[in-house]
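One structure is given below, encoded as structure tokens.
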2 protein chains.
Amino acid sequence: MAVLELVGQKWMLRILWELRDAPLTFRALRARCDNVSPTVLNQRLAALREAGLVELGDDGYEPTELCRGLGDILLQLTDWSRRWDAERPAPGDID
Amino acid sequence: MAVLELVGQKWMLRILWELRDAPLTFRALRARCDNVSPTVLNQRLAALREAGLVELGDDGYEPTELCRGLGDILLQLTDWSRRWDAERPAPGDID
DNA sequence: ACCATTTGCTACGCTTTATGTAGCACTCAT
DNA sequence: ATGAGTGCTACATAAAGCGTAGCAAATGGT
């Protein structure tokens, strides 16, 4: 399951999420990702570009067509996240 | 988007994916995750348990009811992954 | 032509995280 | 009691990430 290794890296989901609906410049994307270090951001973007999931257009980085389906899934993921936030147990409870 | 930080950690998606349809013991889960170091596995499992997403039953670790929806999403993620594997550009091509 | 801004991206030193191996304490069947 | 399985921890080493500073190129204004 190669995508899990790619997309399971730190910042990957976040990066894709931030690019979900508008292109962002390197610096803008960095700002949205809690000022992740440019070293890592560049590594991630390089991997995403090589994977054909993201490209650098005139307005900044944006997801490719190939990536659209993933965007929908990420949307569901965040929907689920909201429900989870509402229902999750109090911190400190283990089982 | 708290879930992105939780689930975006290394091994998280993989762990949840491996638990998708049957409980696994600590050791079995570790084996399935390319023998991830027990240190990290334990950290991740602790986080997942605290988040109420995974619990330790008689047959090993298993996702909680709260986690079911996430499982469906992961399923879609891997479906998408298969298509992506088929369509992705040759390695080395950057835009 | 000149300067300031903004761009993508890299270098460097430091901290944090992950890895790999070994092994402990416990349970359970034999 | 012994042997195999369990969850989990310790420790030294390697890898990844962080934060800051800054470079080279492109852009826009005066």
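Sequence lines set the chain letters: A, B, ... in the order given, protein chains first and strands last, and positions in each chain run from 1.
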How close or far is atom [atom2] of [N] from atom [atom1] of [X], stated in whole angstroms?
| X | N | atom1 | atom2 | result |
| --- | --- | --- | --- | --- |
| Leu56(B) | dG7(D) | CG | P | 7 Å |
| Glu62(A) | dG8(C) | CD | P | 12 Å |
| Leu24(B) | dG7(D) | CG | C1' | 14 Å |
| Leu41(A) | dG17(D) | CG | C1' | 13 Å |
| Leu45(B) | dT6(D) | CG | P | 15 Å |
| Phe26(A) | dT7(C) | CZ | P | 12 Å |
| Arg27(B) | dG23(C) | CZ | P | 14 Å |
| Leu29(B) | dC8(D) | CG | P | 11 Å |

* To do: Determine the minimum heavy-atom distance between Ala51(A) and Leu66(A), stating which atoms define it.
  =>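 For Ala51(A) and Leu66(A), the tightest heavy-atom pair comes out as O-CD1, 4.3 Å.
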
* For Tyr61(B), which of Leu45(B), Leu24(B), Leu41(B) qualifies under side chain to side chain contact (heavy atoms under 4.5 Å, CB included)? ->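 Only one of Leu45(B), Leu24(B), Leu41(B) forms a side chain to side chain contact (heavy atoms under 4.5 Å, CB included) with Tyr61(B), namely Leu45(B).
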
* To do: Verify, without hydrogens or angle tests, whether Thr64(B) (side chain) and Gly52(B) (backbone) share a donor-acceptor contact under 3.5 angstrom.
  =>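 Yes: the side chain of Thr64(B) pairs with the backbone of Gly52(B).
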
Ignoring hydrogens and angles, write down the donor-acceptor pairs under 3.5 Å from the side chains of residues 27-36 of chain B, residues two or more places apart or on other chains.
from: Arg30(B); atom 1: NH1; to: Asn35(B); atom 2: O; distance (Å): 3.4
from: Arg30(B); atom 1: NH1; to: Val36(B); atom 2: O; distance (Å): 2.6
from: Asp34(B); atom 1: OD1; to: Arg14(B); atom 2: NH2; distance (Å): 3.3
from: Asp34(B); atom 1: OD2; to: Arg14(B); atom 2: NH1; distance (Å): 3.4

* Structure fact -> Quick tally for nucleotides 17-22 of chain C: nucleotides whose base has a protein heavy atom under 4.0 Å get B, sugar-phosphate-only ones S, the rest -, giving -SBBBB

